[in-house]
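Just below is one structure, and these are the notes that go with it.
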Number of protein chains: 2
Amino acid sequence: MANRLRLVTGSVADHIRRCQACPLNALCLDEAPPGSLPPQQPCLEQRCVQLHGGEHLFRVSDTVDQQLHILRKGDIKLYQHGREGGQHIIEFLGPGAWIGLESLNEERRHAGAVALTDCEIASVPYAMLTSLLDRQPRSAEAFGHLLSCTIARHQQHAAMLRSTSAAQRVAQFLLQRLEQAHGYAKATLPMSRQDIADYLGLTSSTVSRCLSALRRRGWLSMGQRAFTLPGRADVERVAAGAPLALDDAVTS
Amino acid sequence: MANRLRLVTGSVADHIRRCQACPLNALCLDEAPPGSLPPQQPCLEQRCVQLHGGEHLFRVSDTVDQQLHILRKGDIKLYQHGREGGQHIIEFLGPGAWIGLESLNEERRHAGAVALTDCEIASVPYAMLTSLLDRQPRSAEAFGHLLSCTIARHQQHAAMLRSTSAAQRVAQFLLQRLEQAHGYAKATLPMSRQDIADYLGLTSSTVSRCLSALRRRGWLSMGQRAFTLPGRADVERVAAGAPLALDDAVTS
DNA sequence: CGACTTCTTGAGGATATTCAAGAATAGTGG
DNA sequence: CCACTATTCTTGAATATCCTCAAGAAGTCG
């Protein structure tokens, strides 16, 4: 088994054509001749799992099943058991995200993964991935980059948790959601308030209060699940530390 | 440049003899015949850096210098700039820790590294490491494990930041320090109270108060830099969420 | 030994939590 | 399609916790 990963020094070029249907399309970096169409047939067979909202992909202490997963549709939350029964949310994952990077060399999962909405998940056995990484050095670069980004995301999360103000954390969370739905002005909140609270180190009451305060000011507009930020500049000010009275009436 | 990393599925055996003087001794996993002495001469030339307390190994936005570092002696803190001038401590690193894993595929550092005490740091160029990883599949396994552990450590840190009570966080921090000085009942606090506070998302005043409260109860004994936990069981209870009055006199 | 920084501790005030009850939503079965 | 139940969400008031500001103590370094 020649499963190897390239240790990369530079950044990854992303001007390369990718096959659309491939679960590894973020990694499968065969250079196509300029002007040609991307290959239509996937270079790897695609094994998909369907998950309904509330179902587990895996649980804490499950044995790792020698596969990585890629979220094609839907939303997943990664969690750990906190003390006192509560659960700590590690991360919310959306379409395109990789699942299982944190358990690469572990025997058992130290996190659980639950579907928040109906999901479509592509599974890639380690063996398949590593053979790709062997064939294509650029893919290996991209994979290394993926691991680095995961660490960076955790550091960003930690920074959010240290923001003293609750309003600050909630504002940062909303902006993060928007950013992940890149380019769009609209993002979704498929998770419960309790989940958001566990993610931000707050209580669901406080999250609710902060959201209400932003709504009262007209800076946040929420539908059933989706939201937009009409006052994005203001929300960014709050995220940067501007004070936000929670139980106050609108003044300006 | 054939720099590759083995993607590993199992756990890493650690019954293997290692050469003592090698900066890569945690990775250099040549199997020695049972009963033979570990090789005395390092398999890689060793370039060491000496750092005095307060000196930087690298700063935020420095270009990554194509090297990894291994802390042989001393303590280092990894930090990022927070908003409003404060700095967020990412991690405290002690002897044996690897530095720079988070910047593997980055052009510029997104964290700074400062010596807390006088340090001795071994530097390993990527090229040297990767040639080792090519030669020894077991080393590549170990390296993959290292990356996985880094992610796990960040998740643990995030869990600590979500602990609601200040006393809880401080207690967890003390226990973590003890654990890292594995086996010993004594650990050190080479960092300032402000650093601890930035690491835990508190203020230095609160950290001080919590430490005083633990000392008053006789559960914590502090010298200049080192400390022990005579009431370790009690401290563990606090870390798990047991209440701890900060400004209270000792009752029991 | 003296100047500097860091640490400790106090009092007051701001902020998030707790507890609780009512409103909105989702899910179920008729 | 609608009613009914269960869950989640919002909001209020009171409390506890942590932060701010500040001054004195202890430690560090030349």
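In what follows, chains are A, B, ... by sequence order, proteins preceding strands, each numbered from 1.
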For [X] and [N], is the shortest distance between a side-chain N/O and OP1 or OP2 below 4.0 Å?
X	N	answer
B:Gln224	D:dT28	yes
B:Thr206	D:dC18	no
B:Arg215	C:dT8	yes
A:Ser192	D:dT8	no

Grab the two heavy atoms, one from B:Thr203 and one from B:Ala197, that are nearest each other, plus how far apart they are.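 Closest approach of B:Thr203 to B:Ala197, heavy atoms only: C-CB, 3.4 Å.
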
Please find the pair of heavy atoms, one from A:Arg162 and one from B:Leu161, that lie closest to each other, and give the distance.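 So the two residues come closest at CG-CD2, 3.7 Å.
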
Can a donor-acceptor pair under 3.5 Å be found between the side-chain atoms of B:Arg225 and the base atoms of D:dT28?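 Flag unset: no donor-acceptor pair detected.
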
Pair of N/O donor and acceptor under 3.5 Å linking C:dT18 base with A:Arg209 side chain: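 Pair found.
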
Kindly check if the number of other-residue, nucleotide or ligand heavy atoms within 6.0 Å of CZ (B:Arg215) is above 12?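 Yes, enclosed.
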
Greater than 12 external heavy atoms within 6.0 Å of B:Glu179's CD: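 Atom CD in B:Glu179 is not packed in, count stays at 12 or less.
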
Need one value for A:Leu202: base, sugar-phosphate or nothing, where a base atom within 4.0 Å counts as base even if backbone is also close, heavy atoms only.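 Sugar-phosphate, no base atom in range.
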
Need one value for A:Ser212: base, sugar-phosphate or nothing, where a base atom within 4.0 Å counts as base even if backbone is also close, heavy atoms only.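 Answer is sugar-phosphate: A:Ser212 comes under 4.0 Å of backbone atoms only.
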
Given atom [atom1] of [X] and atom [atom2] of [N], what is their separation to the nearest angstrom?
X	N	atom1	atom2	value
B:Leu211	C:dT6	CG	C1'	14 Å
A:Gln194	D:dT10	CD	P	13 Å
A:Arg193	D:dT7	CZ	P	19 Å
B:Leu220	C:dC7	CG	C1'	14 Å
A:Arg216	D:dG12	CZ	C1'	12 Å
A:Ile196	C:dA16	CD1	C1'	17 Å
B:Asp195	C:dT6	CG	P	10 Å
B:Asp198	D:dC19	CG	P	11 Å

Quick one: do B:Arg153 and B:Glu91 satisfy salt bridge (Lys or Arg N to Asp or Glu O under 4.0 Å)? Show the steps, please. CA-CA 9 Å; B:Arg153 265 206 319 280; B:Glu91 204 171 13; 2.2 Å; yes

Counting only non-hydrogen atoms, which of residues 161-175 of chain A are less than 4.0 Å from DNA chain D?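 Residues of residues 161-175 of chain A that come under 4.0 Å of DNA chain D do not exist, since none gets that close.
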
Give the intermediate values and the outcome of side chain to side chain contact (heavy atoms under 4.5 Å, CB included) for residues A:Val238 and A:Trp219. CA-CA 11 Å; A:Val238 173; A:Trp219 299 345; 3.8 Å; yes

Between A:Met191 and B:Ser205, name the one whose nearest nucleotide on DNA chain D is closer to the 5' end.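 Counting from the 5' end, the first nearest nucleotide belongs to A:Met191.
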
How long is the span from the CG atom in A:Asp118 to the CD atom in A:Gln50, to the nearest 0.5 Å?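 Nearest 0.5 Å value for the CG-CD distance: 8.5 Å.
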
Between A:Tyr199 and A:His157, is the ring centre distance below 6.0 Å?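 A:Tyr199 vs A:His157: aromatic centres under 6.0 Å.
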
Between A:Val207 and B:Val207, which is nearer to the 5' end of DNA chain C once each is assigned its nearest nucleotide?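 Its nearest nucleotide lies further toward 5', so the answer is B:Val207.
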
